[in-house]
Amino acid sequence: MTSLDEQILQRRTNLDELSKLGLEIYPRKFERRHTIAELVEAHVQRTHDELEGDRIETITGGRILAIRAFGKAGFLVLSDGHAKIQVYIRMDSMPELDFKIHQLLDFGDWVGVEGRLFRTKTNELTIWASRLHFLAKCLLPLPEKWHGLTDVETRYRQRYLDLIVNPDSRRVFETRSRIIAAVREFMTARGYLEVETPMMQPIAGGAIARPFVTHHNALDMDLYLRIAPELYLKRLTVGGFEKVFEINRNFRNEGISTQHNPEFTMLEFYEAYADYQALMRMTEEMIATVARRAIGTEQIVFGDHQISLQAPFARLSLRDAAREAASRRLNREVTDADLRTRDAAAAIAAHLALEVDPGDGAGKITTTIFEALCEDRLIQPTFVYDLPTEVSPLSKQKPDDPDTVERFELYIGGFEVANAFSELNDPAEQRRRFEAQLKDRAGGNLAAHEMDEDYIRALEYGLPPTGGEGVGVDRLVMLLTNSPSIRDVILFPLMRKRE
RNA sequence: GCGCCUGUAGCUCAGUGGUAGAGCAUUCGACUUUUAAUCGAAUGGCCGUUGGUUCAAUUCCAACCAGGCGCACCA
């Protein structure tokens, strides 16, 4: 028999023995007078003498995280997830039955306790148990108390174990919840309406990415899991909702990395009458505000870096960034004209040993140069603005420069956190952009945008000047919780199936 | 998809071409204020899977499975 089998058998035997004592081994409810967190918060400052004077009686419950038994007495450590408290068990302080229950408990079981608060010799806040109630059995052995669970695969596949034994992991997800609440509060306070748009879409639009395909049986229709809510949210702006936002999942059928999970959470919002400059100001305020509310500071530590999220953030044009980085790297002057000429840009990329597709134009190549040379160096929050039109099928061009759009990406910690632009609202130009994407698609780029006739029709009804933005919520959580991998901030990241 | 690394007890980790090791956990014994409780004893292994080399493989080699990191794709 293996150690695992043996330990499971022992726990089952203990459960059988509990049953033989006449207990309901899966009781239906237990009424707590206080949670453990409430007890700790209310009494952690109280001294031994104060507690003896007050005689505070409580009824509480939790999972057993430690058992230290010695003969006719012992200690349990109970957790309610937020806080821990010690319980003192004495044979002569409780009914015989309750003490027998104590002898059949295993690490991980759920119990309820009645008793009085006191402080031990070592000054630990403790419940002196007068009753012990069995609530549920943990039939499988838990990871070790001291080293905890470090195997990342088990942490992701069996997140419940991670949450039981690794308080830091639990804290990440509590912070995640606060971050999302703070974002929602920020948007709502600014008069934004929260909406939900389709996750299953007949045309996967609003981003450049490969979608997941699914099928509706009754309609016998293929559908795509959305890669972005963008085109639907802008339809709402056409419909007269001037400020809308959605916080929800997007699905992109692409590689997995420390910064990419196939499903990820995005805040996306649209504001009529705003342009990308207004969105930059709003974004830096939002990120600073959310950081303050969720973690209490704008100064964060991310890996080896100290990052200040205090507004205003740096601003850098993409062409300038690419030009300067390429000039430095090649040790010669690269001009703006070089980056705007296909052949010159391609030659520069070649010198930089960057791969360029034959179909890539000057704008795409400039973006490639930027991504290779600049992206991971943008540690402090930086708006990279004025992107090439070629890589921005839904953004509005600059009035004096049709090759450039009013768009920015926000970089923090070396990766992209947000992407925003003045929305293209000219239906004729939008049709031309879609057609360019179709050409790209015909050339084999499965991520290129499809034609969306209904979206063009919506624009024909009139989209007011509008600014729109997407914020990668998971990445924001990574930054604010100092998590190096997106999987550390997603409760159940996608894993390969295992038999 | 490519490259590098990892997989040994429930957990955390050592280790070796010749019958497999520790700590915690588990079991038994002692113990009525411990807190990584302590003390004594014991149990627990298809060394990821399948092949190959070898007298002999957990160890060397290959493929596969799973994971991590990097690249690519992208947010």
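Lettering of chains follows the sequences in order, A, B, ..., and the numbering in each one begins at 1.
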In whole angstrom, what separates [X]'s [atom1] from [N]'s [atom2]?
| X | N | atom1 | atom2 | answer |
| --- | --- | --- | --- | --- |
| A/Asp474 | B/A75 | CG | P | 14 Å |
| A/Glu246 | B/A75 | CD | P | 18 Å |
| A/Lys84 | B/A36 | NZ | P | 11 Å |
| A/Gln259 | B/C69 | CD | C1' | 13 Å |
| A/Tyr160 | B/C11 | OH | P | 12 Å |
| A/Met91 | B/U33 | CE | P | 13 Å |
| A/Ile256 | B/G1 | CD1 | P | 11 Å |

Counting only side-chain N and O atoms of [X], is one of them less than 4.0 Å from OP1 or OP2 of [N]?
| X | N | answer |
| --- | --- | --- |
| A/Arg68 | B/U34 | no |
| A/Thr258 | B/G70 | yes |
| A/Thr154 | B/G10 | no |
| A/Arg90 | B/U33 | no |
| A/Thr2 | B/A9 | no |

Looking at every strand, decide which applies to [X] at a 4.0 Å heavy-atom threshold: base, sugar-phosphate, or nothing.
| X | value |
| --- | --- |
| A/Asn253 | nothing |
| A/Met266 | nothing |
| A/Glu124 | base |
| A/Gly255 | base |

Using residues 412-420 of chain A as the side-chain source, report each donor-acceptor pair under 3.5 Å to any protein atom, sequence neighbours left out, with the distance given to one decimal.
residue, atom, partner, partner atom, Å
A/Asn419, OD1, A/Arg407, NE, 2.9
A/Asn419, OD1, A/Arg407, NH2, 3.3

Both distances under 3.5 Å, Watson-Crick or G-U wobble: report the partner of [N], or none.
| N | value |
| --- | --- |
| B/A57 | none |
| B/C4 | B/G68 |
| B/U27 | B/A41 |

Carboxylate-amine/guanidinium contact A/Asp452 A/Arg235, below 4.0 Å: yes
Pair A/Tyr385 and A/Tyr276, ring centroids less than 6.0 Å apart: no
Between A/Phe269 and A/Phe186, ring centroids under 6.0 Å: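 Between A/Phe186 and A/Phe269, which both carry aromatic rings, the centre distance is not below 6.0 Å.
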Qualifying residues under ring pair (Phe, Tyr, Trp, His ring centres under 6.0 Å), relative to A/His133, sequence neighbours excluded: A/Phe30
Distance in Å, A/Arg116 CZ paired with A/Ser93 OG, rounded so as to fall on 0.5 Å steps: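 With rounding to 0.5 Å, CZ (A/Arg116) is 9.0 Å from OG (A/Ser93).
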Under 4.0 Å protein heavy-atom contacts per nucleotide of nucleotides 22-31 of chain B, with B for base, S for backbone only and - for none: -BBBBS---B
